[in-house]
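Position 1 is the first residue of the sequence, and the numbers go up from there.
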Amino acid sequence: MNRGSMINQFTYKTATFFIVNQNDMVMSVLYFPAGHFSHRLTKFLRFSVHLIMRPTIARVALPVPLDRLFDYKIPCHLTPVVGGRVSVPFGPKTMIGIVIELDTESEFGFDKLKSIHQVLDVEPLWPQNLYQLLHWCSQFYQYPLGETLANALPAMLRKGKPASFNPSIEWRITSLGREQFMQGFGRAVRQAQAMQMLEKGPADHQYLLDQDVPANILKKLEDKGWIESVEVKFRPKIDWTFNVEAEGDKQTLNQEQAVAVATVNNFAGFGCFLLEGVTGSGKTEVYLNLIKQVLENGKQALVLVPEIGLTPQTINRFRKRFNLAIEVIHSGLNDSERLNAWLSARDKVAGVVIGTRSALMTPFADLGIIIVDEEHDASYKQQDSLRYHARDVAVMRANKENIPIVLGSATPALETLHNVLSGKYHHLILSARAGKALPTVNKVIDVKGQYLESGLSAGLIAEMRKHLEAGNQVMLFLNRRGFSPALMCHDCGWIAECKRCDAYYTYHQFSDEIRCHHCGSQQKTVRQCQGCGSSQLVTVGVGTEQLEEQLSLLFPDFKTIRIDRDSTRRKGSLESALSSIRKNEFQILIGTQMLAKGHHFPDVTLVALLDVDGSLYSSDFRASERLAQLFIQVAGRAGRASKPGEVILQTHHPEHNLLQILLRQGYRHFAELALQERKKANLPPYSFLTLFRAEANQSHDVEHFLRQVRYTLEVHPLFKQQCQVLGPTPAPLAKKAGKYRWQLMLQTNSRLTMQKLLASAKPAIHMLPNSKKVRWSVDIEPQDLS
């Protein structure tokens with residue numbers, strides 16, 4: 001019998017009662033009519049009472065940076081469930097936690113435990129497979145379970161809101177509106193378009209906004225009495241197995257596309273497929289055909305894209321193709337929108353969910369396939385809190401769900417190619433551009449000794465003019481925001497430097513500010529040198545703002561648009577800009593990496609990369625891979641329709657081996673050589689890295705702490721199994737936001753050894769004297785070493 005348990009027996013009239021008490025609480029009452037019990041039965045009940053006794057302890061994971069669970073008493077009137085939320089006291093405040101285990105005993109005295117305040121869920125928040133995956137993520141990425149589970153929840157659930165749909169607004173045509181169709185809408189084109197969309201049936205408010213129906217148009221139609229809004233509180237499950245595809249033009253698959261679709265569809269259970277297709281080869285059409293089969297089987301699909309900028313065009317294409325609810329999940333949604341999308345997937349209201357990496361943690365009622373587009377992209381790696389890689393976790397989720405997963409890319413990551421070569425992944429290839437699109441013509445312009453006008457050579461300007469006068473669009477890639485990356489004194493050489501970081505301020509002319517792109521600090525542009533007092537301040541280098549200004553002078557007859565983080569901050573601005581580009585309202589496109597991935601601009605026939613030389617000689621061993629991927633991805637924006645495309649690369653190093661391989665032999669040959677180099681150097685994917693980062697107000701505190709970490713790792717018995725430690729050393733950006741930053745690298749030849757070593761060493765690291773003086777983190781298989 002459990003500690004604190006007691007059975008009281010008494011007889012009343014013709015019956016005997018056994019009252020089971022535990023820790024002064026009545027747990028249950030057992031009733032036996034007279035003559036139906038004996039001393040032996042009583043003894044048996046006392047022995048086995050723990051089998052029938054309800055749990056009195058809930059072990060709860062809380063969103064705190066501690067690798068432990070917390071025990072709470074369960075009041076008699078509450079019934080928590082494993083995987084559900086509870087509201088509990090924690091110190092002076094109340095927190096929302098997840099119940100991990102129910103028990104009847106605690107290592108602490110029962111009288112010392114606090115009680116659960118409230119049970120928020122009557123059933124688990126996640127299906128069993130996803131719940132297990134989240135536990136795996138916590139263990140593999142060495143992150144506290146409570147914070148891992150909290151990261152997987154929409155913000156409203158983390159705050160304790162009910163796990164049910166928030167009311168949404170739906171628009172419907174009134175009887176007066178239907179009569180208006182007979183009379184027509186005159187020159188009110190936008191109103192007519194909105195009415196035609198609603199003629200097919202009621203539509204959600206957010207859906208109409210996504211389809212470029214402005215809120216003011218809906219308000220005008222409502223004022224006229226033609227449409228009305230209705231609050232929808234419940235969303236029923238939908239059987240979409242019939243009539244999955246919408247009517248419209250569907251592309252005919254070529255032989256390679258058809259083989260890819262058939263290969264995945266004929267594969268039963270879990271299988272990981274790399275769909276390697278040159279840019280413009282029709283990977284999305286393959287995705288659509290795969291998802292069609294999944295939907296017709298009554299299952300759901302998850303599509304991951306690397307950035308928010310790719311979701312609008314992906315959503316539009318999917319919504320035009322399928323007759324069912326398609327949800328989107330990314331950081332640009334408000335809390336209510338995110339919760340509704342999460343619930344739509346869980347309750348099988350939505351058939352397809354499209355989103356960035358956080359969408360991976362969405363629960364599904366019946367998931368049938370996962371697709372990871374642009375799987376090589378570094379954006380899939382979370383850089384703070386739970387530092388997971390969405391591509392790798394997606395593969396693990398597909399394995400647990402026993403479903404296929406497709407990784408698509410024109411430039412696969414070297415880790416993915418290594419898994420293909422070792423037989424872990426299946427390889428599907430699309431070697432030709434879809435339709436009538438032709439391969440691009442690649443050129444290099446040697447700019448050594450040339451005069452550059454805001455980064456533009458005379459040869460590039462001449463090529464731009466030729467393409468623009470032919471009625472086409474031109475895209476210029478420059479991965480540097482602002483007007484200029486530095487502001488310098490012409491007299492003494494002083495450069496405006498961020499006081500909180502080891503970095504220079506970037507000059508933004510349009511807002512008349514200097515900003516640090518590392519810590520976010522900003523101030524009005526200085527007018528005098530703080531070294532010698534001179535007013536002769538000049539800009540150094542070229543940013544997208546300066547390029548935009550120069551192009552307006554060089555090509556006054558053609559409109560220019562700039563796409564970067566500064567110009568697309570407002571909600572909906574990116575979607576509006578991309579729509580304008582497709583309508584050919586702008587002829588010259590300037591962009592950072594936001595424009596390099598996945599966008600389809602049929603009128604772009606010339607793409608130019610202006611400044612990529614910095615990546616040719618980087619100390620980061622992944623720099624060459626990223627440059628190769630960037631070059632191929634940017635080049636892929638040209639000539640995607642029937643018009644021939646041209647790619648120009650400006651460089652001071654045209655003879656560089658990497659550039660020559662890319663231009664003459666392509667990405668695949670580069671990847672094969674890069675894998676051979678990685679193998680000789682014992683670098684990933686042939687070894688496994690863990691990066692310890694630490695920061696503090698004093699540099700010596702950080703260095704001393706990481707030296708203690710190094711010693712802790714080196715004395716561990718597992719360390720002798722082909723492990724080594726590099727560092728500690730100052731981080732490439734040694735000071736950021738006022739904090740001094742150092743790092744330490746652990747390298748192992750076995751992923752299992754790495755996990756065992758870290759799991760057993762972390763408690764000792766937490767106990768180090770300096771662990772409380774610094775802020776430190778563990779990054780498993782890091783992608784960014786800065």
Side-chain angles (χ1 to χ4, degrees), residues 2-5 21-28 50 53-128 130-139 141-164 166 335-336 338-339 342-343 346 358 361 363 385-386 762-763 766 772:
N2 291 312
R3 182 177 55 202
S5 300
N21 294 273
Q22 185 168 356
N23 300 310
D24 299 324
M25 293 194 295
V26 176
M27 306 308 299
S28 58
H50 66 280
M53 202 171 294
R54 72 187 293 272
T56 56
I57 304 295
R59 214 144 277 134
V60 179
L62 293 174
V64 293
L66 298 172
D67 286 309
R68 54 160 297 188
L69 304 177
F70 299 88
D71 289 357
Y72 287 90
K73 290 187 287 191
I74 305 175
C76 292
H77 63 286
L78 296 181
T79 307
V81 294
V82 173
R85 294 170 299 155
V86 289
S87 172
V88 297
F90 189 77
K93 56 186 178 181
T94 299
M95 299 188 75
I96 305 298
I98 305 295
V99 178
I100 303 301
E101 185 181 359
L102 299 175
D103 204 347
T104 56
E105 290 190 9
S106 173
E107 61 179 294
F108 307 100
F110 191 83
D111 56 337
K112 295 181 180 179
L113 300 181
K114 296 180 180 179
S115 296
I116 293 174
H117 284 170
Q118 186 180 4
V119 172
L120 301 176
D121 300 302
V122 296
E123 58 184 21
L125 288 169
W126 301 280
Q128 187 63 23
L130 180 53
Y131 185 64
Q132 292 174 358
L133 178 75
L134 293 171
H135 278 257
W136 177 86
C137 284
S138 172
Q139 295 170 2
Y141 291 103
Q142 301 293 323
Y143 198 66
L145 179 60
E147 292 196 314
T148 299
L149 296 175
N151 280 333
L153 289 175
M156 295 187 75
L157 295 186
R158 293 199 298 268
K159 297 173 183 176
K161 300 294 183 182
S164 57
N166 289 314
D335 291 348
S336 179
R338 192 177 184 88
L339 175 60
W342 191 89
L343 293 168
R346 188 195 69 173
S358 60
M361 305 303 184
S385 61
L386 176 64
K762 265 191 77 178
H766 277 290
K772 300 294 189 294

May I ask you to test the P75-I116 pair for a side-chain heavy-atom distance under 4.5 Å? yes
Can you say whether the rings of Y131 and W126 are parallel (under 30°), tilted (30 to 60°) or perpendicular (over 60°)? parallel
Considering all heavy atoms of both residues, which atom of L125 and which atom of A163 are nearest to each other, and what is their separation? CD2-CB, 4.2 Å
S164 and L339: which non-hydrogen atoms are nearest, and at how many Å? O-CD2, 4.0 Å
Any non-hydrogen side-chain atom of I96 less than 4.5 Å from a side-chain atom of L153? no
Hey, does H766 have a side-chain heavy atom less than 4.5 Å from the side chain of D67? yes
Show your reasoning for whether side chain to side chain contact (heavy atoms under 4.5 Å, CB included) applies to V119 and T79. CA-CA 7 Å; V119 172; T79 307; over 6 Å; no
Taking all non-hydrogen atoms of both residues, which atom of P124 and which atom of V81 are closest, and how far apart? N-CG2, 4.1 Å
Taking NZ, NE, NH1 and NH2 as the nitrogens, is one of them in K161 or D335 under 4.0 Å from a carboxylate oxygen of the other? no
Just by distance, do the side chain of T56 and the backbone of I74 share a donor-acceptor pair under 3.5 Å? no
Quick check: do I100 and H135 have side-chain heavy atoms less than 4.5 Å from each other? yes
P80 side chain near L102 side chain, heavy-atom distance below 4.5 Å: yes
Is the shortest heavy-atom distance from the side chain of P63 to the side chain of M95 under 4.5 Å? yes
Show the numbers, then the answer: is there a side chain to side chain contact (heavy atoms under 4.5 Å, CB included) between M361 and N151? CA-CA 9 Å; M361 305 303 184; N151 280 333; over 6 Å; no
On a heavy-atom basis, which atom in H117 and which in L78 lie closest, and how many Å separate them? O-CD1, 4.0 Å
So which heavy atom on P154 is nearest to which on W342, and how close? CG-CG, 3.5 Å
When you look at I98 and R85, which way does the side chain to side chain contact (heavy atoms under 4.5 Å, CB included) test go after all the steps? CA-CA 5 Å; I98 305 295; R85 294 170 299 155; 3.5 Å; yes
Taking it one step at a time, do F70 and V88 satisfy side chain to side chain contact (heavy atoms under 4.5 Å, CB included)? CA-CA 10 Å; F70 299 88; V88 297; over 6 Å; no
Between C137 and L386 the two heavy atoms that sit nearest each other are O-CD1, 4.2 Å
Main chain of P89, side chain of Y72: is a donor-acceptor contact present, judged purely on distance under 3.5 Å? yes
Does S385 reach the side chain of Y143, with side-chain heavy atoms less than 4.5 Å apart? yes
Given side chains that start at C-beta, do those of T148 and Y141 come closer than 4.5 Å, heavy atoms only? no
Nearest 0.5 Å, please: how far is CG in L157 from CG in L120? 9.5 Å
